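Each remark here refers to the structure printed beneath this line.
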Amino acid sequence: GEGARGHIHPIGMPDGFRGAWKYDDPEAGRKYAEAVQVAIADLVAEGKPPAAFFAESIIGCGGQVVLPEGYLKNVYEHVRAAGGLCVADEVQVGFGRVGEKFWGFQLHDVEPDIVIIGKPIGNGHPMAAVVTTDEVAKSFENGMEFFSSFGGNPVSCAIGIAVMKVIREEGLQEHALEVGAYLMASLRQLQKKYKCIGDVRGNGLFIGIEFVKDRASLEPDEATCNYVVQNMRLQNKVMLSTDGPFHNVIKIKPPLYFDKGNADAVVRGIDALLAVLINDAIVVENLSHG
């Protein structure tokens, strides 16, 4: 809660819904990447060239923000030109979840220097991994031994291999693509029906629904978002969560075996809750901080 340390420099999110350049702007990715280029130039001018650039391939806790086309490609070029490394965080979006590709960064036609992998690799078993290039790995050969007490644990390795085998043999990546597209289309029908749904976005089974009070001003509607999440749990036994800087985005990140029947149940539940909210004009108390 104390903010970033002095040597860490946060970059504004390339948000094509709420930011300066929208998703329908074909140059949005390049324009957002220019902010990174400027930040790098300022650091270089101060004699502090960047060590690395970290980014999720889809920004999860920031509100399920899909990176505009060309953003990562341009950013990686700027970072590498200044001698920095490019790090892809695949903890939430990796292992076929985005459907079209196995890794989220592949959606952007880039190749990171380091890939961070976490929770999904163990399907509940506590695991994480770092994948990197030979060049980066050899940089640790500097006289200090780098090790992990439980690194290479054979039980964990067997579990990780089994998880990847199931993903491949049961076609879960292809399943995520098909069911995710079906769910997105259904949610966009709800968006046409309810003005409080400002945006539906995502890839595969990594989807966000952003709630607004007004589609022109984009004023966040945290209360309605919270109302849906709470009552989907209480009335439908469906676990959803809120995310984003304004706590107004519902994150949908189900297990990869989530099917079209499950998708229909989620959409029906949200539809029924919003119908009650609109037709009865009920007052929704903000529960996010209670």
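Because the structure is a prediction, the values reported are computed rather than measured.
Counting only heavy atoms from C-beta outward, the side chains of P112 and Y76 approach each other to under 4.5 Å. Residues W103 and I117 meet the side-chain proximity criterion, which asks for heavy atoms closer than 4.5 Å. Considering only heavy atoms from C-beta on, N226 stays 4.5 Å or farther from H247 through its side chain. Contact of the I40 side chain with the F53 side chain is not registered, since no non-hydrogen atoms from C-beta on lie closer than 4.5 Å. In this structure the side chain of T132 reaches within 4.5 angstrom of the side chain of I114, judged on heavy atoms. At a threshold of 4.5 Å between non-hydrogen side-chain atoms, the residues D221 and Y227 do not count as touching. Looking at L107 and E100, their side chains come closer than 4.5 Å, going by heavy atoms from C-beta outward. Looking at heavy atoms from C-beta onward, I159 lies out of side-chain contact with N123 at the 4.5 angstrom threshold.
Scanning all heavy atoms of the two residues, the minimum distance from D15 to V65 falls at CA-CG1, 3.9 Å. Taking all atoms of both residues into account, the shortest heavy-atom contact from P254 to I252 is CD-C, 3.6 Å. Of all heavy-atom pairs spanning G96 and A176, the tightest one is O-CB, 3.7 Å. Across all non-hydrogen atoms, the minimal contact from M13 to I59 is SD-CG2, 3.8 Å. The two atoms that bring A128 and I121 nearest to each other are N-CG2, 4.3 Å, heavy atoms only. Residue C61 comes nearest to Q92 through the heavy atom pair SG-NE2, 3.8 Å, listed as atom of the first residue, atom of the second, then distance.
In this structure R80 satisfies the side chain to side chain donor-acceptor pair (under 3.5 Å) test together with D113, sequence neighbours excluded. Legend: residues meeting side chain to side chain donor-acceptor pair (under 3.5 Å) with D271, ordered by chain and number and at least two apart, are K193, Y194. Residues passing the side chain to side chain donor-acceptor pair (under 3.5 Å) test with E34 are R30, sequence neighbours excluded. Residues that satisfy the side-chain contact (heavy atoms from CB on, under 4.5 Å) test with V91, not counting sequence neighbours, are D89, I116, K119. Every side chain to side chain donor-acceptor pair (under 3.5 Å) that E90 has, sequence neighbours left out, goes to S57. Partners of A33 according to the side-chain contact (heavy atoms from CB on, under 4.5 Å) rule, which considers only residues two or more places apart in sequence or in another chain, are Y71, N74, V75, H78.
For the pair D259 (side chain) and N262 (backbone), a donor-acceptor distance under 3.5 Å is present. Checked by atom type and distance alone, the side chain of K251 never pairs as donor or acceptor with a backbone atom of G208 at under 3.5 Å. In this structure, the side chain of R201 engages the main chain of Q64 through a donor-acceptor pair within 3.5 Å. Looking at H175, its side chain does come within 3.5 Å of a backbone N or O of F258 through a donor-acceptor pair. Of the possible donor and acceptor atoms, one in the side chain of R215 sits under 3.5 Å from a partner among the backbone N and O of I197.
Other residues, nucleotides and ligands place no more than 12 heavy atoms under 6.0 Å from the CD atom of E111. The number of heavy atoms from other shown groups lying within 6.0 Å of CD (Q106) is above 12. Remark: K101 NZ is loosely packed, at most 12 non-hydrogen atoms of other residues, nucleotides or ligands lying under 6.0 Å away. The environment of CD in E46 is crowded: more than 12 heavy-atom neighbours from other residues, nucleotides or ligands sit within 6.0 Å. Within 6.0 Å of atom NZ in K195, 12 or fewer heavy atoms from other residues, nucleotides or ligands are found, so the atom counts as exposed in its surroundings.
In the hydrophobic clustering of ILVMFWY residues, with side-chain heavy atoms under 4.5 Å counting as a link, L205 and Y257 come out apart. Hydrophobic cluster membership is shared by V267 and V276, with clusters built from Ile, Leu, Val, Met, Phe, Trp and Tyr side chains linked at under 4.5 angstrom. Cluster annotation: V136 and V130 are assigned to the same hydrophobic cluster (Ile/Leu/Val/Met/Phe/Trp/Tyr, side-chain heavy-atom contacts under 4.5 Å, transitive). Under the 4.5 Å side-chain heavy-atom criterion for grouping Ile, Leu, Val, Met, Phe, Trp and Tyr, L177 is not connected to L172 through any hydrophobic cluster. Under the 4.5 Å side-chain heavy-atom criterion for grouping Ile, Leu, Val, Met, Phe, Trp and Tyr, V200 is not connected to F246 through any hydrophobic cluster.
Here the straight-line distance linking atom NZ of K165 with atom CD of E170 works out to 11.0 Å at 0.5 Å rounding. One distance of note links CG of N248 with OG1 of T224; it measures 10.0 Å at 0.5 Å rounding. For the atom pair CD (E69) and NE2 (H108), the distance works out to 10.0 Å, reported to the nearest 0.5 Å. Put simply, SG on C196 and CG on D214 are 12.0 Å apart, with the number rounded to the nearest 0.5 Å. C157 contributes atom SG, which lies 6.0 Å from atom CE of M127 (distance to the nearest 0.5 angstrom). A distance of 6.5 Å separates CZ of F102 from CD of Q173, quoted to the nearest 0.5 Å.
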* When you look at D25 and Y32, which way does the side chain to side chain contact (heavy atoms under 4.5 Å, CB included) test go after all the steps? -> CA-CA 11 Å; D25 181 350; Y32 280 116; over 6 Å; no
* Asked: Can C86 and V110 be said to form a side chain to side chain contact (heavy atoms under 4.5 Å, CB included), step by step?
  -> CA-CA 10 Å; C86 299; V110 296; over 6 Å; no
* Determine, stepwise, if the pair Y182 / D264 fulfils side chain to side chain contact (heavy atoms under 4.5 Å, CB included). => CA-CA 9 Å; Y182 177 81; D264 288 338; 2.6 Å; yes
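Side-chain atoms of R233 and Q230 include a donor-acceptor pair closer than 3.5 Å.
Exactly one residue among I250, V266, L187 makes a side-chain contact (heavy atoms from CB on, under 4.5 Å) with I207. That residue is L187.
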